[in-house]
Amino acid sequence: MDKYTPKDIEAKWQRAWEKEQAFDVPNPADPAAADRSRKSYVLEMLPYPSGTLHMGHVKNYTMGDVIARFRIRNGFTVFHPMGYDAFGLPAENAAIKTGLPPAELTKRNTENIEKQLRTLGVSIDWTRELATCDPEYYKWTQYFFLKFFERGLAYRQEAAVNWCPSCQTVLANEQVVQGACERCDSEVETRNLAQWFFRITEYAERLLEDFKLLEQWPERVITMQRNWIGRSEGTEVIFRVDELDLEIPVFTTRPDTLFGATFFLLAPEHELVDKLVDGTEREAAVREYVAKTRAKSAVDRAVTDREKTGEFTGRYATNPVNGEKIPIYASDYVLMGYGTGAIMAVPAHDQRDFEFARRFGIEVRVVVSGKREDGTTVGPEDGRTMETAFEADGTMVNSGRFDGQDNREGGRAITAWLQSEGKGRQAVSYRLRDWLVSRQRYWGAPIPMIHCDRCGTVPVPVRDLPVLLPDVDDYAPRGQSPLATNPEFVHTSCPACGGPARRETDTMDTFVDSSWYFLRYTDPHNDEEPFDSAVANYWMPVDQYIGGVEHAILHLMYARFFTKVLFDLEMVDFQEPFTNLFTQGMIHYKGAKMSKSKGNVVNPDEHMNRYGADTLRLYILFIGPPELDVEWQDQGIEGAFRFLGRVWRLVNEVVEKVEPRRYADYANEYDEAKRLVRKTNRTIAKVSADISERFRFNTAISAVMELVNDAYLAKDGLYRSEEGQGVLRFMAETVVKLLDPFTPHICSELWQRLDHERLWQEPWPEADERYLEEETYELVVQVNGKLRDRVQVPSKAGSEELLEAARTSAKVARHTEGKEIVKEIVVPGKLVNFVVR
RNA sequence: GCCGAAGUGGCGGAACUGGCAGACGCGCCGGACUCAAAAUCCGGUGGGGCUCACCCCCCGUGUGGGUUCGAUUCCCACCUUCGGCACCA
């Protein structure tokens with residue numbers, strides 16, 4: 001018998017798959033009429049080509065490959081494409097360091113990644129490969145930008161935005177983590193800049209609503225998105241500044257406390273702040289406060305336990321419900337980005353307002369009385385003495401004609417009254433903000449807009465797309481896009497009036513690129529349009545999407561948003577891009593997540609060289625449940641390799657000792673043989689269920705290991721009879737068939753040696769019902785819930801029979817002797833329990 | 001602070017609807033093969049106790065309670081770890 005040499009075997013079968021175009025799936029001739037019931041779109045999140053694959057990628061693509069191969073063999077037409085999220089900062093930063101153009105560097109990296117993916121043996125339709133940095137691709141990204149612009153969904157506005165001083169670019173809210181840049185961890189600053197936004201807030205309600213279409217999404221991903229969108233219901237109340245004849249709306253979730261508003265706050269950035277203090281004696285102090293706030297970093301400002309600060313504007317707002325005039329302050333605990341940037345402050349019933357009021361000596365007026373959690377009560381006169389705000393529900397007091405009402409009901413009544421008076425209305429507020437998509441960096445898709453002094457901001461006509469990314473000499477970020485340094489790029493003529501004009505020099509956030517790539521796969525070479533709708537409607541939505549949970553909000557929410565816009569544009573006929581989502585856990589090493597900075601990275605290439613792709617694939621799935629974080633163990637992979645060696649020797653021995661195509665009729669087998677037939681069938685059932693139902697690859701693999709272990713123990717006896725040999729051949733073929741999705745190379749090789757061909761097309765085995773049931777089983781016998789004995793009983797035995805069998809056990813008798821049996825519990829198929837006293 | 005997930009041998013992890021805790025793998029121990037080693041094959045391996053040949057008993061799934069004939073599984077409280085959000089009015 002020859003040795004198991006993964007290198008040769010893997011190269012051999014990778015060549016075979018390529019030559020046979022085993023995984024290429026053409027589009028149907030008439031996609032609109034084609035039957036969609038047997039198609040399956042299996043997709044893993046596309047990699048960012050950062051040089052080499054890491055273990056997370058290996059896990060991701062192996063999992064996708066198992067699903068894809070399993071579905072192919074279950075008769076599905078599996079659509080399984082691959083591409084590269086090739087724009088982005090790292091390539092640009094590397095370019096700055098090495099001087100190599102990002103395009104060149106990226107090309108080199110994508111080629112390397114492709115090679116690695118092929119070495120890993122994933123079943124990809126390579127004819128559909130794409131890179132988001134190719135002009136043939138980003139032409140259409142720009143096209144969508146124009147479509148969004150047409151619909152008013154893309155707009156440019158000056159706003160306080162997140163600025164990363166190290167990346168020298170603005171960032172979307174989603175890319176700021178705890179006040180720091182998601183990429184480089186630098187503290188993010190706030191700057192007022194004119195930037196491009198996508199109006200994702202307009203889709204907030206639909207993004208929430210359509211969670212109901214996503215039954216197979218992990219609950220936590222949905223929860224994270226739901227929290228991010230942050231819908232809250234409340235009331236908009238209009239306060240007036242009579243002196244200046246101004247109206248300032250505020251949003252509140254507690255209209256019931258309106259009578260308790262004793263002051264009014266504006267975010268320091270609020271545009272009205274200027275107006276309120278202009279030319280007054282408070283002007284200097286307020287302006288200084290505003291300036292101080294602006295200088296504060298996002299991190300500092302987010303600290304919640306620092307003392308409340310603010311500055312009186314000298315103006316008063318009129319409370320619509322009682323005509324009371326309350327002082328207006330500017331304070332930095334009011335955020336410009338949420339609600340209206342202004343709030344009514346009710347210190348008695350909001351802890352933050354309470355702290356502010358105590359500090360500034362403002363009246364605290366209780367308008368809801370009730371019981372605190374600690375049992376003490378808060379009454380109408382307690383405003384002066386209370387030490388914390390009372391935020392719970394109760395009865396309304398100090399609230400004029402609403403006194404005595406339950407506060408929730410009273411809140412509704414107040415809202416209704418405001419509405420009838422034209423002084424307020426029911427309102428919904430979202431935490432979600434519009435998606436900031438412009439970046440002051442080089443390596444991205446140029447935003448296809450032109451600034452003309454006469455016509456304003458004008459879109460580039462579709463026929464002029466793509467707006468090609470020009471060459472520049474210097475990629476270094478200097479606070480404006482490097483594209484601005486290329487005069488030939490910047491200077492152009494206005495598409496509207498023909499006069500001289502300047503191109504927009506910002507590029508798009510790379511999350512725009514990855515918000516529609518799954519659609520381009522369906523029609524990747526179309527140069528007339530981004531994709532043919534009928535073709536996209538045929539393959540989409542993605543039946544199974546697999547990726548890291550780190551994209552729970554960013555990519556997954558943006559892609560959902562994009563799909564909904566495309567639905568509204570009537571380019572697709574579905575509202576959600578990914579029907580099922582599986583989020584994989586991370587691989588830890590030495591107690592921490594693998595990262596270059598920690599120096600605990602395990603390089604997949606090394607292991608592929610040493611043990612082969614099959615071993616790596618097998619181990620990475622065997623290591624633990626795919627959705628959880630797991631710990632990489634260096635010696636563990638050795639075990640996976642040993643197991644494949646065991647399979648190799650077992651199957652080859654069967655090939656040598658058993659004539660081809662010898663199968664026995666197992667119906668009348670002797671015990672030894674029958675046992676292995678049963679085990680084989682049970683393994684088929686277990687592996688099939690584990691793969692299809694819960695992605696439990698680890699237990700599927702261990703089931704095959706058990707079968708192989710049993711086979712080793714039984715084989716020497718079985719070789720001696722023809723029937724036994726038939727059973728062994730059946731076992732060997734089954735092992736190869738079941739293992740194929742995990743370790744396709746060695747399985748294809750063994751399948752060939754078993755005198756068959758094209759395992760990847762072989763129908764998935766089905767368990768024979770007749771062999772799933774045993775004739776007898778081990779009945780557990782307990783006394784008072786404690787295990788005392790096990791007895792063999794016939795499978796068909798009834799309760800009486802089981803009790804009888806249990807009673808005859810000597811071990812049981814020892815524990816029941818001299819005691820009274822008060823109860824007998826019989827669970828057929830499982831156990832008998834005697835309760836004694 | 002709020003929301004969510006998870007705590008099981010020396011380690012990674014099993015246990016489907018409440019019914020044999022520790023499957024499978026790693027590591028370790030022992031045996032076979034060998035001049036020897038590696039590889040391979042076979043066996044053992046949660047802790048403690050005992051009048052310890054594998055007979056038997058007790059304890060044991062983060063902690064403390066509860067429901068139940070019976071709880072890793074359900075309920076309550078708490079502790080720890082990880083992830084998300086965090087002055088959102």
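Throughout, protein chains are lettered first and strands after them, A, B, ... in sequence-line order, and every chain is numbered starting at 1. As the structure is a computational prediction, the values presented were derived from the model and not from experiment.
Heavy atoms of Asn709(A) sit under 4.0 angstrom from primed sugar atoms or phosphate atoms, though from no base atom. In this structure, Glu706(A) reaches the sugar-phosphate backbone alone: every heavy-atom distance under 4.0 Å involves primed, P, OP1 or OP2 atoms, never a base. Within 4.0 Å (heavy atoms only), Val630(A) reaches sugar-phosphate atoms of the nucleic acid but no base atom. Contacts of Val334(A) with the nucleic acid, taken as non-hydrogen atoms under 4.0 Å apart, include base atoms. Counting any heavy atom pair closer than 4.0 Å across all strands shown, Arg433(A) reaches no nucleic acid atom. Counting non-hydrogen atoms under 4.0 angstrom, Leu831(A) reaches a base of the nucleic acid. When heavy atoms are screened at a 4.0 angstrom cut-off, Gly230(A) is found touching no nucleic acid atom at all. Here Ser232(A) lies in heavy-atom contact (under 4.0 Å) with sugar-phosphate atoms only. Heavy atoms of Leu265(A) sit nowhere under 4.0 angstrom from any nucleic acid atom. Among the protein residues, Gln351(A) comes within range of no part of the nucleic acid, since none of its heavy atoms lies under 4.0 Å from any strand.
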Where do N or O atoms of nucleotides 45-56 of chain B meet protein N or O atoms at under 3.5 Å, pair by pair?
{"residue": "C56(B)", "atom": "OP1", "partner": "Lys811(A)", "partner atom": "NZ", "Å": "3.3"}

Protein-nucleotides 81-85 of chain B N/O pairs closer than 3.5 Å?
{"residue": "C85(B)", "atom": "O3'", "partner": "Arg431(A)", "partner atom": "NH1", "Å": "3.0"}

Could you run down the sub-3.5 Å N/O contacts of the protein with nucleotides 28-30 of chain B?
none

Using the 3.5 Å cut-off, write out each protein N or O paired with an N or O of nucleotides 64-70 of chain B and the distance between them.
{"residue": "C69(B)", "atom": "OP1", "partner": "Lys823(A)", "partner atom": "NZ", "Å": "3.4"}
{"residue": "C69(B)", "atom": "O2", "partner": "Asn833(A)", "partner atom": "ND2", "Å": "2.3"}

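To the nearest angstrom, C1' of A23(B) lies 9 Å from NZ of Lys686(A). When rounded to the nearest whole Å, the span between CD of Glu693(A) and C1' of C16(B) equals 9 Å. For Trp632(A) and G25(B), the CH2 to P distance is 18 Å, given to the nearest whole Å. We find that OH of Tyr589(A) is positioned 18 Å from P of C11(B), with the value rounded to whole Å. One interatomic measurement links the two molecules: CD1 of Ile229(A) to P of A86(B), which rounds to 14 Å at whole-angstrom precision.
Here the separation of A38(B) from G12(B), taken at their P atoms, is 28 Å to the nearest Å. Taking atom C1' on both G46(B) and A15(B), the two are 16 Å apart, rounded to the nearest angstrom. The separation of C50(B) from U61(B), taken at their C1' atoms, amounts to 26 Å, rounded to a whole angstrom. Comparing C29(B) with A37(B), their P atoms are spaced 14 Å from each other, to the whole Å. C79(B) sits 10 Å from G64(B) when the C1' atoms are compared, rounded to a whole Å.
Shown here are the side-chain contact (heavy atoms from CB on, under 4.5 Å) partners of Ala767(A), two or more places apart in sequence or in another chain: Asn681(A), Ile684(A), Ala685(A), Leu772(A). For Glu801(A), the salt bridge (charged side-chain N to carboxylate O under 4.0 Å, His left out) test picks out no residue, with sequence neighbours left out. Here Val602(A) pairs with Met55(A), Tyr589(A), Met594(A), His607(A), Trp632(A) under the side-chain contact (heavy atoms from CB on, under 4.5 Å) rule; sequence neighbours left out. Applying the side-chain contact (heavy atoms from CB on, under 4.5 Å) rule to Ala703(A) yields the partners Thr683(A), Lys686(A), Val687(A); only residues at least two apart in sequence or on another chain are considered. Every residue was checked against the salt bridge (charged side-chain N to carboxylate O under 4.0 Å, His left out) condition with Glu638(A), not counting sequence neighbours, and none meets it.
Paired regions of RNA chain B, where each region holds three or more successive Watson-Crick or G-U pairs whose two hydrogen-bonding distances fall under 3.5 Å, are B:1-7 with B:79-85, B:10-12 with B:24-26, B:27-32 with B:40-45, B:46-49 with B:56-59, B:62-66 with B:74-78.
Less than 4.0 Å separates RNA chain B from at least one heavy atom of each of the following residues of residues 641-652 of chain A: Arg642(A), Arg646(A), Arg649(A).
Using a 4.0 Å cut-off, some side-chain N or O of Tyr712(A) falls inside it from OP1 or OP2 of C41(B). Checking the phosphate oxygens (OP1, OP2) of G13(B), no side-chain nitrogen or oxygen of Arg696(A) falls inside 4.0 Å.
Distances were taken from every side-chain heavy atom of Ser702(A) (C-beta onward) to each of C24(B), C42(B), A89(B); the shortest belongs to C24(B). Of the listed nucleotides (A21(B), G12(B), C58(B)), C58(B) has the atom at the smallest distance from the side chain of Lys786(A).
In this entry the base of G60(B) is anti relative to its sugar, with a glycosidic angle more than 90° from 0.
Using a 4.5 Å heavy-atom cutoff, the side chains of Thr235(A) and Ile414(A) are not in contact.
When each of Asn698(A) and Gly339(A) is assigned the nucleotide of RNA chain B with its nearest heavy atom, Asn698(A) is the one assigned upstream, toward the 5' end.
Within the structure, every pair that satisfies the salt bridge (charged side-chain N to carboxylate O under 4.0 Å, His left out) test and touches residues 329-340 of chain A, not counting sequence neighbours, is listed here: Lys296(A)-Asp332(A), Arg306(A)-Asp332(A).
Remark: side-chain polar atoms of His588(A) are not paired, donor with acceptor, to backbone N or O of Val630(A) under 3.5 angstrom. The backbone N or O of Val836(A) sits less than 3.5 Å from a side-chain atom of Asn784(A), completing a donor-acceptor pair.
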